[in-house]
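The figures here come from the full heavy-atom set of this structure, side chains too, leaving out hydrogens, waters and symmetry mates. Owing to the predicted nature of the structure, the values given are computational and were not obtained by experimental measurement.
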Amino acid sequence: MEILKITERENNLSNIAYMYGGLMEILSGASKNFSTYTDGGRSVLEIETPLDYAEMIRTEVEDKIADIIAVNYKYSYFSSAIKPYGLTPDENGILLSALISADIDDDKQYIKRKIRSEGEYSVDGLFNFRLSAIKKKWEDVASYIPKTFDAEKLKDFIAFILEEKAGVRVFVENGKVFDRHFRRINRTSLTGREYGDDRLVNEILLSACGEAELLSRVTEGEENYLKEYIGGKIIFGKTYFSAENN
């Protein structure tokens, strides 16, 4: 057996919850035992697995760690550093999601290259001591954002980001976003914006896609946000108009 341990500051318990939920779904068919607890002011996720599954689980753990840093840590930094005049709180949140989306794949690749583990991963330790280059990059990005912004500039920026991700499609069913392997994407839980009518547009942006296919109806409020910010990059699947969704 092998034991993998992921630790994070106790006040970042939501990051451990994100990892736990994501791994439970992805690794549903693998042999493993999960346990979560606090120890000395730290939140801990411990995974006990047979050696045959250890490498696969390690790969998924490291991908989720990269998610946590590239989304949660980056969103936290941008929330403090980027507050342009001219946007509502919801619009500013959407701007931050779009900024994260722009570089999320590159950020995650860099983060995963910096991970070193002998069975124990410290998320905040990795960020604090091994990722100085990515922190400098985020600082540079924040410095480029104009001090004033408006809704039209925001929509233009999102259109540019979506075009850059052309060919990458996600799927929306029952208010949830899924990748091309139909694995759920739940990155808004890392930003604190997992509620409200703007949640779905934030989730789609954070998925780093170029287009979204709707497989079932969305709420009127969600639809308004999608029309406003995603527009022509929304595809209506065959099941969207079926009688069972009316």
Side-chain angles (χ1 to χ4, degrees), residues 1-76 97 100-101 104-105 107-128 130-131 168 170-195 199 202-204 206-209:
M1 300 293 287
E2 181 168 336
I3 295 176
L4 302 177
K5 184 183 290 187
I6 303 95
T7 71
E8 172 69 294
R9 290 173 299 181
E10 192 170 4
N11 61 350
N12 281 348
L13 176 61
S14 59
N15 289 341
I16 293 294
Y18 171 81
M19 176 167 287
Y20 177 86
L23 293 176
M24 284 287 287
E25 182 175 356
I26 293 168
L27 302 173
S28 59
S31 178
K32 76 284 176 199
N33 292 307
F34 288 115
S35 60
T36 58
Y37 56 92
T38 58
D39 180 19
R42 297 189 66 76
S43 300
V44 182
L45 171 61
E46 198 169 277
I47 308 168
E48 184 178 5
T49 177
L51 293 177
D52 290 348
Y53 290 93
E55 186 61 32
M56 176 184 69
I57 292 177
R58 209 167 13 243
T59 298
E60 295 296 343
V61 164
E62 292 177 4
D63 187 71
K64 292 301 178 187
I65 290 172
D67 265 354
I68 288 167
I69 294 175
V71 180
N72 174 265
Y73 279 65
K74 189 173 185 179
Y75 192 90
S76 179
S97 292
I100 289 170
S101 171
I104 190 169
D105 293 330
D107 282 357
K108 287 187 62 176
Q109 288 176 14
Y110 174 80
I111 293 163
K112 285 191 276 191
R113 288 197 302 269
K114 292 294 183 177
I115 293 175
R116 300 288 185 272
S117 171
E118 295 181 356
E120 183 167 342
Y121 301 87
S122 169
V123 179
D124 56 325
L126 170 66
F127 181 73
N128 290 331
R130 298 191 60 84
L131 299 179
V168 180
V170 294
F171 302 87
V172 180
E173 185 172 54
N174 299 324
K176 299 175 181 178
V177 178
F178 300 88
D179 67 14
R180 61 190 180 91
H181 302 294
F182 226 74
R183 301 199 309 189
R184 188 182 176 190
I185 299 168
N186 189 30
R187 289 172 174 162
T188 52
S189 67
L190 293 170
T191 68
R193 303 196 69 86
E194 66 267 48
Y195 304 104
R199 178 198 63 85
N202 278 294
E203 197 72 77
I204 289 171
L206 290 170
S207 74
C209 71

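Note on ring orientation: taking the six-membered ring where Trp is involved, the planes of F171 and F182 are tilted (angle from 30° to 60°).
In this view, R183 and I26, E60, D179, H181 satisfy the side-chain contact (heavy atoms from CB on, under 4.5 Å) rule, not counting sequence neighbours. Not counting sequence neighbours, the partners of Y37 by the side chain to side chain donor-acceptor pair (under 3.5 Å) test are E46. When the side chain to side chain donor-acceptor pair (under 3.5 Å) test is applied to K74, the partners found at least two apart in sequence or on another chain are D107.
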Steps toward side-chain hydrogen bond (donor to acceptor under 3.5 Å, both in side chains) verdict (E194, S189): CA-CA 5 Å; E194 66 267 48; S189 67; 5.8 Å; no
Is there a side-chain contact (heavy atoms from CB on, under 4.5 Å) between T191 and N202? Walk through the geometry before answering. CA-CA 10 Å; T191 68; N202 278 294; 5.9 Å; no
Steps toward side-chain contact (heavy atoms from CB on, under 4.5 Å) verdict (E203, V172): CA-CA 10 Å; E203 197 72 77; V172 180; over 6 Å; no
Y75 and I100: side-chain contact (heavy atoms from CB on, under 4.5 Å), yes or no, with the steps? CA-CA 7 Å; Y75 192 90; I100 289 170; 3.7 Å; yes
Run L206 and I185 through side-chain contact (heavy atoms from CB on, under 4.5 Å) and show every step you take. CA-CA 9 Å; L206 290 170; I185 299 168; 5.9 Å; no
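Closest approach of S207 and V170 over heavy atoms only: OG-CG1, 3.5 Å. Nearest heavy-atom pair across A208 and S101 is CA-OG, 3.5 Å. Shown here for E173 and F178, the closest heavy-atom pair between the two residues is O-CE1, 3.9 Å.
Other residues, nucleotides and ligands contribute only 12 or fewer heavy atoms inside 6.0 Å of the NZ atom of K114.
A 4.5 Å side-chain heavy-atom check between I111 and F127 finds every atom pair outside the cut-off. Looking at Y53 and I47, their side chains never come closer than 4.5 Å, going by heavy atoms from C-beta outward. Put simply, the side chain of V177 does not reach to within 4.5 Å of the side chain of R187, judged on heavy atoms. R193 places none of its side-chain heavy atoms less than 4.5 Å from the side chain of R199.
Side chains of S43 and E8: no donor on one and acceptor on the other come within 3.5 Å.
Taken to the nearest 0.5 Å, the NZ atom of K108 stands 10.5 Å off from the CD1 atom of I68. Distance check, rounded to the nearest 0.5 Å: CZ of R58 to CD1 of I65 gives 11.5 Å. The line from CD1 of I16 to OG1 of T7 is 7.0 Å long, rounded to the nearest 0.5 Å. In this structure, the separation between OG on S122 and NZ on K5 is 11.5 Å, given to the nearest 0.5 Å. The OH atom of Y121 sits 9.0 Å away from atom CE of M19, with the distance rounded to the nearest 0.5 Å. Atom-to-atom distance recorded for T49:OG1 and M1:CE is 6.0 Å, nearest 0.5 angstrom.
The main-chain N or O of Y73 is never found under 3.5 Å from a side-chain atom of S76 such that the two would form a donor-acceptor pair.
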